[in-house]
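Report on one structure; see the data block that follows.
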Amino acid sequence: GFARKFAGGKGIFVFGASLYNRDAIYLREREVSKSADKTARQRPPFNVAGSAYDDRTSVGIWPSFRVGTATAVNWFYPVNNAPLPTINTATLPRALFADYNAFVAGQPMSARGSLNGRVEYKLTPRVTAFAEFTGYQSKSQTGRQPITLNASDRVVILSVDNPFNPFGSRFRSATGAPNSDGTPRVTGAPQTLQVQSMLMTDGGPEKIEVTSRMYRLLAGLQGKIGRTSWDWEAAAMVGGVRATDISVNAIRDSKLVAAALRTDATAWNPFPYTFKVVNGAVVADQPYQNPVSVRETYTQPAKRIGHSRMDSLDARAGGDVLNLWSGTLATSFGAEWRREMKEDHREPFVGFNPPGSGLDPTDNDILVTSPKFPLKASRTISSVYAEAAVPLVSPKNQIPLVRALDLSTSARFEHYSDFGNTTKPKFGLTWKPHPRVLTRISHNQGFRAPDLIQLYTPTQFSVASPPGERDA
């Protein structure tokens with residue numbers, strides 16, 4: 001930063017700037033947090049797999065599913081370190097549980113910069129004009145495990161003719177006849193497949209980006225009244241913050257359901273392998289990842305935008321009123337007007353499904369993200385205040401055990417356009433019996449108006465899921 005005088009010393013300009021950059025730190029990069037399994041650092045009986053210190057989860061890369069109308073859950077995973085996974089009825093062994101610490105950022109990446117300045121100029125010997133500006137922008141990015149798919153959140157069914165369904169028509173027929181391309185099938189009725197749980201690893205870890213911008217502009221006048229002790233100040237200010245929160249690789253519920261129902265190579269495959277028929281059995285064939293062209297059909301950024309703004313005008317004056325036997329009685333008074341505005345909304349399908357979309361208008365279409373009502377509200381607040389400091393006794397009065405006794409009093413009246421009026425007083429008494437002893441008693445009443453979010457956001461049940469809280 002730097003400062004410089006101008007106009008022959010009548011004015012001064014101060015300017016500052018800052019830049020900051022911080023790399024992300026992932027849990028996997030620290031020995032103490034690289035694994036969700038913390039049992040190795042615990043004493044018995046907590047040092048065993050599955051204890052309270054083992055936070056690995058069965059929802060991972062190996063999907064669980066149901067076939068047709070059956071209620072039994074099947075799993076797809078390699079048994080006893082076999083080179084290829086198989087379809088199993090036994091629950092996924094803990095050794096194959098997912099470790100989310102491999103994906104989670106303990107500290108997000110952050111980059112930010114700011115500018116600020118102030119200028120003052122003496123219009124007359126007793127009147128000074130001033131102005132300030134502040135600007136700030138930041139961007140952060142964090143990551144966590146890939147998005148989870150659970151049947152409790154969204155039922156996704158692979159159609160009978162999905163070419164990646166190992167129980168579908170690509171691999172089974174009532175007569176056992178081969179496909180038209182000559183590839184074999186086993187004998188059996190083709191069935192649908194319902195995914196129970198899995199991590200959507202094809203899109204990589206969930207990425208959340210937050211951009212915040214802040215500005216503040218202020219201008220005013222200040223000065224002295226004649227040759228008295230009184231001074232005054234009046235100013236106007238406008239400022240605001242805008243934040244954008246984006247879940248970069250969010251998943252659209254309805255489009256994922258549609259991708260699972262497709263019957264060609266653009267269909268979605270929940271398994272990390274393809275399948276083939278060998279010796280009358282459907283077995284895993286080649287590792288598989290849904291290509292970008294397929295993922296793009298069911299993913300989209302989920303954007304949330306928040307905006308707040310405040311405009312204000314204020315004026316105050318203060319000075320000595322009269323001389324008492326113990327000192328000078330001083331007072332001040334002022335008035336303020338301000339307007340507050342807050343806005344919080346999400347794009348269509350992220351907040352709620354828009355009317356006419358064919359989807360439930362009371363829900364949204366983003367996997368594991370609850371719908372949220374939009375908010376846009378504002379109000380104005382007008383206030384006046386007055387305060388006084390009354391010296392009752394001072395050292396010059398030479399009163400035993402009372403070197404100083406001061407009374408302070410103030411009152412503030414506020415009018416909220418959406419709430420009503422409030423008046424709050426404050427009284428204080430300070431007694432100093434000895435240069436090293438000070439006793440203070442006070443009585444005051446406080447008031448906090450409900451925040452705009454508390455007043456205007458409807459109550460609703462929700463799941464605490466991404467886009468989530470801002471990380472800037």
Side-chain angles (χ1 to χ4, degrees), residues 10-12 14 118-132 216 218-237 310-340 380-417 419-449:
K10 290 184 177 181
I12 184 171
V14 181
R118 179 180 173 89
V119 60
E120 295 182 5
Y121 183 77
K122 284 190 175 183
L123 299 173
T124 72
R126 292 188 174 276
V127 179
T128 300
F130 62 90
E132 296 179 1
R216 177 179 176 270
L218 180 146
L221 298 171
Q222 60 185 14
K224 304 282 290 184
I225 300 177
R227 297 185 179 276
T228 69
S229 64
W230 281 69
D231 57 44
W232 59 272
E233 181 176 293
M237 187 274 292
M310 185 171 72
D311 307 319
S312 70
L313 298 170
D314 68 89
R316 65 156 192 87
D320 299 338
V321 177
L322 56 89
N323 291 320
L324 304 176
W325 77 304
S326 54
T328 302
L329 185 153
T331 186
S332 66
F333 57 88
E336 179 183 4
W337 175 90
R338 70 181 186 271
R339 176 181 179 272
E340 299 176 351
T380 59
I381 304 100
S382 303
S383 62
V384 293
Y385 69 89
E387 56 186 10
V390 185
L392 302 177
V393 178
S394 68
K396 70 180 182 180
N397 301 126
Q398 297 183 353
I399 297 179
L401 297 180
V402 187
R403 287 186 58 83
L405 185 65
D406 298 307
L407 172 68
S408 63
T409 179
S410 65
R412 184 179 184 92
F413 169 82
E414 291 183 308
H415 169 73
Y416 288 78
S417 62
F419 182 75
N421 302 331
T422 178
T423 302
K424 298 300 177 184
K426 179 179 180 181
F427 304 97
L429 188 66
T430 302
W431 171 44
K432 193 173 185 180
H434 187 272
R436 296 185 179 180
V437 178
L438 180 70
T439 301
R440 179 182 293 114
I441 60 174
S442 66
H443 168 78
N444 61 79
Q445 297 179 8
F447 169 79
R448 187 185 74 85

If you look only at distance, which donor and acceptor atoms sit under 3.5 Å apart when one is on a side chain in residues 399-413 and the other is two or more places apart or in another chain?
{"unit_1": "Arg412", "atom_1": "NE", "unit_2": "Glu414", "atom_2": "OE2", "d": "3.3"}
{"unit_1": "Arg412", "atom_1": "NH2", "unit_2": "Glu336", "atom_2": "OE1", "d": "3.2"}
{"unit_1": "Arg412", "atom_1": "NH2", "unit_2": "Ser383", "atom_2": "OG", "d": "3.1"}

Practice task
Take Asn323 and Thr328, measure what side chain to side chain donor-acceptor pair (under 3.5 Å) needs, and give me the verdict at the end.
Solution key: CA-CA 4 Å; Asn323 291 320; Thr328 302; 2.9 Å; yes
So, taking the atom named [atom1] in [X] and the one named [atom2] in [Y], what distance separates them when rounded to the nearest 0.5 Å?
X: Leu218; Y: Arg118; atom1: CG; atom2: CZ; value: 7.5 Å
X: Ser382; Y: Arg339; atom1: OG; atom2: CZ; value: 13.0 Å
X: His443; Y: Gln445; atom1: NE2; atom2: CD; value: 4.5 Å
X: Thr422; Y: Arg448; atom1: OG1; atom2: CZ; value: 13.0 Å
X: Phe130; Y: Ile12; atom1: CZ; atom2: CD1; value: 15.0 Å

Side chains of [X] and [Y], heavy atoms from C-beta outward: is any pair under 4.5 Å?
X: Ile381; Y: Glu340; answer: yes
X: Arg316; Y: Asp231; answer: yes
X: Leu429; Y: Leu392; answer: yes

Please name the pair of heavy atoms, one in [X] and one in [Y], separated by the smallest distance, quoted to 0.1 Å.
X: Leu438; Y: Arg440; result: CD2-NH2, 3.8 Å
X: Gly327; Y: Pro391; result: C-CG, 3.7 Å
X: Leu221; Y: Trp232; result: O-CZ3, 3.6 Å
X: Arg338; Y: Ser312; result: CB-CB, 3.8 Å
X: Thr331; Y: Glu387; result: OG1-O, 2.7 Å
X: Trp230; Y: Asp320; result: NE1-O, 2.7 Å

Exercise for the section: Please say whether more than 12 non-hydrogen atoms of neighbouring residues, nucleotides or ligands are located less than 6.0 Å from NZ in Lys424. Expected result: yes
Exercise for the section: Might you confirm whether atom NZ of Lys122 has over 12 heavy atoms from other residues, nucleotides or ligands at distances under 6.0 Å? Expected result: no
Expected output: side-chain [X] to main-chain [Y] donor-acceptor under 3.5 Å:
X: Ser417; Y: Thr380; value: yes
X: Arg216; Y: Met237; value: no
X: Ser442; Y: Gly428; value: no
X: Trp325; Y: Asn397; value: no

Problem - Working for side-chain contact (heavy atoms from CB on, under 4.5 Å), residues Arg227 and Arg126 - result: CA-CA 9 Å; Arg227 297 185 179 276; Arg126 292 188 174 276; 3.6 Å; yes
